[in-house]
Amino acid sequence: MSKVKVAINGYGTIGKRVADAVQMQKDMEIVGISKTKPNFEAFVALDKGYPVYAPADKLKGMEKGGIQASGTIEDMIQAADIVVDCTPGGLGEENKALYTKAGVKAIWQGGEEHELAGCSFNAVANYEEALGRDFVRVVSCNTTGLCRVIYPLDQEFGIKKVRVTLMRRAADPNDVKKGPINAIVPNPIKLPSHHGPDVKSVIPHINITSTAVVLSTTLMHLHSLNIEMDKQCSADEVADLLDAQSRIRFVGQGITSTAEIMELGKDLGRPRGDMWENCIWDQSITVDEGELYFFQAIHQESDVIPENVDAIRAMMELESNGARSIEKTNKAMGI
Ligand code: NAD
C-alpha cells in the first residue's frame with residue numbers, strides 16, 4: 001500500500017515535530033515542509049531529506065540564503081494528500097481557501113478556532129468523529145492534556161464538575177521575543193479562561209470551568225485539577241485507571257518539578273528531550289470529601305504531536321479504530 005503524502009505548512013515548534021513523527025510511521029510520509037526564512041531550521045529540514053517549499057514572494061530570499069526551494073506552498077499542497085497547518089495561531093484560517101481549492105484535507109492546531117474545522121480532535125476522546133473528514137483541528141497542548149484525563153475518568157466514574165487552574169509557561173524555550181521574565185500574570189483576568197470551554201469542543205457534555213496564569217518559565221505547563229465525580233471512588237482506583245492510559249506517565253522517583261521532568265525526557269533519549277505524555281504526580285492523586293485532586297505537567301511543545309499523527313490516520317481512513325491508531329503511533333514513536 002502506498003503511503004499517505006503529508007505536507008507541513010509552517011515548520012516551527014509544532015511543525016518540525018509533526019514532520020519527524022509522521023516520517024516514523026509505516027503508513028504515511030512527508031512530501032514537503034514550508035519555511036518563510038532560510039534559517040537553521042530550513043537547513044536541518046533539508047539535511048533530513050524533507051523537500052523545502054516557500055511562499056512565492058520568499059523564493060528569491062530563500063535562494064539568496066542558500067536554500068534551493070522545491071517550489072511554492074501551492075506546489076507543495078498539490079503534491080500532498082493532507083496538509084498539517086502549523087503556522088502561528090490565527091494565520092491558519094487564511095490558508096483554508098488554498099486547501100479547499102486544491103482539494104486536499106487539512107489539519108489545524110489549537111491556535112485556530114473550532115469553527116474553522118468544525119471538528120476538534122483528541123485521539124482517546126473522539127477519534128471516530130474525525131474518520132474521513134476533510135478538516136480537523138487538533139486541540140491545544142493544554143486541552144489535549146485535559147481531555148486525556150477527563151475522558152477516561154468520565155467513562156469510568158462519571159464527571160459532575162471539573163475545576164482546573166492552569167499555570168502556563170510564558171514562552172517556548174527558543175522564543176526570544178516573549179515574557180514575562182519576572183512576573184506572574186493572571187491571563188485572562190476576566191474569568192473563566194478559554195481552556196474549559198475548549199475541552200467542551202471535544203467532549204461537549206463535560207461541566208468544566210478554568211482559570212489560568214502565565215509564569216516566568218519556558219519548560220512546561222502545570223495543571224491543578226479538582227474534579228467532582230458521580231460515583232464514589234478511591235484515590236487508588238483513580239490511579240489504576242490513569243496508569244492504564246498509554247499517554248499518561250506517572251512521575252515520582254525524586255521528581256519534584258517540571259525542570260526534572262524535562263531532564264528525564266533528555267535522559268530517556270527522547271528526540272529534542274520531548275515528553276509526549278501527560279506527567280502526573282501519582283502521589284498528588286487525592287480524594288477528599290468525595291472530590292478528586294491532582295497535579296499534572298504538560299510539555300507544550302510535544303504532547304499534541306502523536307495526536308496529529310492519529311488525526312491524519314482517522315481523516316485518511318487508514319485505521320477505523322482509535323485505540324489501534326494510538327497503538328501504532330505510540331509504537332512508531334517509542335511512547
Ligand atoms: P511557531 O511560531 O514556532 O512556528 C510557526 C512557523 O510557521 C514558523 O516557522 C513560521 O516561520 C512559519 N510561518 C509563519 N507564517 C507562515 C506562512 N504564511 N506560511 C507558512 N509558514 C509560515 O508556532 P508554533 O508554536 O509551532 O505554533 C503553531 C500552531 O500550533 C499554533 O496554532 C499554536 O497555537 C499551536 N500550538 C502551539 C504549541 C506550543 O506550545 N508551541 C502547543 C500546541 C499547539
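Bear in mind the structure is a predicted one, so any value in this text is a computation, not a measurement. Numbering of ligands and ligand atoms starts at 1, following listing order.
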Thinking salt bridges, do [X] and [Y] make one under a 4.0 Å N-O criterion?
{"X": "Glu156", "Y": "Lys231", "value": "no"}
{"X": "Glu277", "Y": "Arg270", "value": "yes"}
{"X": "Asp20", "Y": "Arg17", "value": "no"}
{"X": "Lys96", "Y": "Asp85", "value": "no"}

Subject >> For Arg247, the option from Asn122, Asn330, Asp303, Asn278 that meets side-chain hydrogen bond (donor to acceptor under 3.5 Å, both in side chains) >> reply: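 Exactly one option meets the side-chain hydrogen bond (donor to acceptor under 3.5 Å, both in side chains) with Arg247, and it is Asn330.
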Original post:
Got the residues with a heavy atom under 4.0 Å of ligand 1, by chain and number?
Top reply: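 Contacting ligand 1 under 4.0 Å are Asn9, Gly10, Tyr11, Gly12, Thr13, Ile14, Ser34, Lys35, Thr36, Ile73, Cys86, Thr87, Pro88, Gly89, Leu91, Gln109, Gly111, Cys141, Arg169, Asp172, Gln300.
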Original post:
Distance from Met167 atom CE to Phe295 atom CZ, nearest 0.5 Å?
Top reply: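 The distance works out to 6.5 Å.
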